[in-house]
Amino acid sequence: MSQNIKKVINIGVIGTGAIGEDHIRRCTQTLTGAKIVAVNDIDAERAKKAVAPYNSEAKVYTNVYELIHASDVEVVMVTSWGQTHAEFVLEAIKAGKYVFCEKPLATTAEDCKKIVDAEQAGGKRLVQVGFMRPYDSGYRELRRVIEEGKIGQPLMIHAAHRNPRVGSNYVTSMGITDTLIHELDVLRWLLNDDYVSAQVIFPRQTQCTHEKLRDPQLVLLETKSGIRIDVEVFVNCQYGYDIQCSVVGEKGIVSLPEPSTVTLRSEAKLYNTILMDWKDRFIEAYDVEMQDFINGCLTNKLVGPSSWNGYVAAVAAEACIKSQETGKVEPITLPVCPNFYK
Ligand code: NAD
Ligand code: ISE
């Protein structure tokens with residue numbers, strides 16, 4: 001008997017700022033199988049403006065709960081600020097709807113655990129977290145090289161996560177919950193290993209920061225198999241959006257490629273452009289990630305980063321935040337992954 005496979009899902013977006021607007025664009029113009037039918041933002045005018053070029057008939061909700069429970073909204077996309085995620089994701093689970101939640105899944109491990117528990121209680125995977133780096137071709141290539149044994153056993157990782165600048169609401173703990181959270185997710189995926197401890201060290205501070213933000217920070221992680229990782233988090237580096245990752249193994253080193261740009265010879269200089277924005281640096285990864293989510297909704301089977309991944313990253317993040325305060329090496333005790341998420 002032929003199955004009636006759905007061709008398009010209707011999405012309601014909560015939070016139409018930088019990434020919300022970008023995901024509306026990609027769902028409408030680049031990807032297939034999705035239609036944005038509803039939007040909500042605490043700034044209703046912003047929500048209206050964000051969706052207007054893509055679907056002028058989309059409904060602008062001023063009440064977020066009404067959007068989540070609207071009968072024509074089949075899937076919820078949460079792209080509001082991190083501290084609002086848990087409430088909206090839990091409500092979407094209650095409504096039995098698929099939900100794509102931008103990282104972080106929640107800003108505390110306790111809230112992530114509530115989501116994991118609610119999802120399991122419902123008996124079906126409904127949540128995908130916006131960890132897009134496992135979809136990035138560079139990280140995928142790193143993983144392939146490691147898995148093929150080309151560098152022998154991995155021993156160390158040197159990584160850097162640099163943003164040109166951040167806004168005045170960005171504070172020291174966000175270096176972990178908002179920025180390092182990407183590495184916390186992607187590096188354990190890359191190594192197929194788990195963290196056992198974390199330490200955060202503060203080097204000399206840049207003058208290009210404000211009093212609530214210590215910048216840069218150096219995060220040292222250790223994994224179960226003894227791999228040592230250092231990640232420089234520098235969010236006011238001025239010069240560009242620069243993501244580095246080198247895995248040092250017994251027989252070689254494998255590093256993320258630089259984003260491809262033309263080389264320019266001009267006025268006695270040889271130039272390469274450095275990107276300035278995460279939107280451009282990971283544009284393909286976001287596309288692949290979101291298409292995978294849409295396909296998962298259409299075929300009733302999500303396979304991308306789960307709420308368990310969001311939870312594990314949040315547990316590791318909490319150890320880092322504790323170390324920001326104590327300056328000490330803090331243990332990371334990760335719970336055993338339930339079969340539901342394997
Ligand atoms: P932003 O400030 O540009 O946009 C957030 C929007 O959410 C704003 O328009 C704000 O008004 C709205 N909002 C806040 N609270 C709300 C609420 N209670 N109800 C409805 N709307 C609300 O921020 P952004 O850069 O787009 O980041 C949004 C989320 O996406 C964050 O969690 C961030 O970490 C994540 N993000 C992920 C990536 C990535 O690389 N995956 C990149 C950027 C941002
Ligand atoms: C932002 O929210 C992102 O997720 C970007 O990928 C990251 O580089 C940046 O530091 C975050 O603020």
Side-chain angles (χ1 to χ4, degrees), residues 12-26 38-51 60-68 76-89 91 100-107 111 128-136 139 159-186 213 215-217 231-237 240-244 275-290 293 304-305 309-310 313-314 317:
V13 179
I14 304 170
T16 53
I19 204 158
E21 190 171 3
D22 205 37
H23 284 335
I24 292 173
R25 176 198 57 75
R26 69 168 37 82
V39 285
N40 162 268
D41 196 289
I42 41 173
D43 179 348
E45 207 40 47
R46 189 171 196 182
K48 197 171 159 193
K49 273 197 194 135
V51 78
V60 181
Y61 283 84
T62 48
N63 182 318
V64 68
Y65 283 79
E66 282 176 15
L67 176 148
I68 295 172
V76 177
M77 186 181 295
V78 179
T79 47
S80 46
W81 296 322
Q83 65 271 26
T84 66
H85 291 181
E87 179 189 344
F88 302 151
V89 172
E91 197 60 29
F100 178 90
C101 178
E102 258 311 330
K103 44 62 59 178
L105 175 59
T107 46
D111 276 351
Q128 178 162 330
V129 181
F131 287 132
M132 75 299 182
R133 291 199 190 176
Y135 290 99
D136 173 70
Y139 279 105
H161 190 152
R162 304 192 186 108
N163 292 193
R165 54 194 62 84
V166 288
S168 56
N169 292 332
Y170 187 110
V171 296
T172 304
S173 60
M174 289 171 74
I176 307 299
T177 56
D178 204 55
T179 297
L180 180 80
I181 201 85
H182 282 294
E183 274 78 14
L184 290 175
D185 176 67
V186 77
L213 173 59
D215 190 36
Q217 313 181 30
V231 188
E232 173 199 314
V233 176
F234 188 9
V235 294
N236 285 297
C237 79
Y241 185 80
D242 192 9
I243 304 299
Q244 300 289 331
L275 298 174
M276 291 298 280
D277 197 330
W278 44 262
K279 278 186 199 164
D280 302 319
R281 170 64 180 82
F282 286 111
I283 188 165
E284 284 164 20
Y286 295 122
D287 288 350
V288 182
E289 163 198 57
M290 194 57 76
F293 173 69
N309 296 103

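Positions are given from 1 along the sequence. Note that ligands are numbered from 1 as they come in the structure, with each ligand's atoms numbered from 1 the same way.
The shortest contact between atom 12 (O) of ligand 2 and any protein heavy atom is with Asp178 OD2, 2.6 Å. Remark: minimum distance from atom 9 (C) of ligand 2 to any protein heavy atom is reached at Asn163 OD1, 3.1 Å. At the top of the distance list for atom 7 (C) of ligand 2, counting protein heavy atoms only, stands His161 NE2, 3.4 Å. When only non-hydrogen protein atoms are considered, atom 12 (C) of ligand 1 lies nearest to Asp41 OD2, 3.2 Å. Of the protein's non-hydrogen atoms, Trp278 CZ2, 3.3 Å is the one closest to atom 43 (C) of ligand 1. The closest protein non-hydrogen atom to atom 17 (C) of ligand 1 is Ile42 CG2, 3.7 Å.
Below 30°, between 30° and 60°, or above 60°: for His23 and Tyr286 the angle between ring planes is above 60°, a perpendicular geometry.
Tyr241 has its side chain out of reach of Asp280: every pair of non-hydrogen atoms, C-beta onward, lies at least 4.5 Å apart.
Close to ligand 1: Phe88, with a non-hydrogen atom less than 4.0 angstrom away. Look at His85 and you'll find a heavy atom under 4.0 Å from some atom of ligand 1. Contact annotation: Lys279 has no heavy atom less than 4.0 Å from any atom of ligand 1.
Nearest to atom 41 (N) of ligand 1 by heavy atom, out of Glu102, Arg281, Met174, is Glu102. The heavy atom nearest to atom 29 (C) of ligand 1, out of those in Gly17, Ala50, Cys101, Ser80, is found in Ser80. Between atom 1 (C) of ligand 2 and the options Glu102, Arg162, Lys103, the minimum heavy-atom separation is to Lys103.
Of all atoms in ligand 1, numbered sequentially from 1 with element shown, those under 4.0 Å from a heavy atom of Thr84 are 15 (N), 18 (N). In summary, the atoms of ligand 2 found under 4.0 Å from a heavy atom of His182, numbered by their order in the structure, are 3 (C), 4 (O), 5 (C), 6 (O). Of all atoms in ligand 1, listed by their number and element, those nearer than 4.0 Å to a heavy atom of Arg46 are 8 (C), 9 (O). The distance from ligand 1 to the heavy atoms of Gly82 drops below 4.0 Å at these ligand atoms: 32 (O). Distances below 4.0 Å separate heavy atoms of Thr179 from the following atoms of ligand 2: 9 (C), 10 (O), 11 (C), 12 (O). Using a 4.0 Å cut-off to heavy atoms of Asn40, the atoms of ligand 1 that qualify are 19 (N), 20 (C). Each of the atoms 5 (C), 6 (O), 7 (C), 8 (O) of ligand 2 lies under 4.0 Å from some heavy atom of Tyr241. Counting atoms of ligand 1 from 1 in the listed order, those under 4.0 Å from a heavy atom of Ala18 are 1 (P), 3 (O), 4 (O), 25 (O), 26 (O).
Taking 4.0 Å as the cut-off between side-chain N and carboxylate O, Glu183 and Arg133 count as a salt-bridged pair. Salt-bridge annotation for Asp41 and Lys48: absent, with no side-chain N of the basic residue lying under 4.0 Å from a carboxylate O of the acidic one. A salt bridge between Asp287 and Arg26 is present, with a side-chain N of the basic residue lying under 4.0 Å from a carboxylate O of the acidic one.
Under 4.0 angstrom from ligand 1, the non-hydrogen atoms of Tyr286 all belong to its side chain. Proximity of Lys103 to ligand 1, defined as any heavy-atom pair under 4.0 Å, is shared by backbone and side chain alike. Only the backbone of Thr79 comes within 4.0 Å of ligand 1, counting heavy atoms alone; no side-chain atom from C-beta on gets that close.
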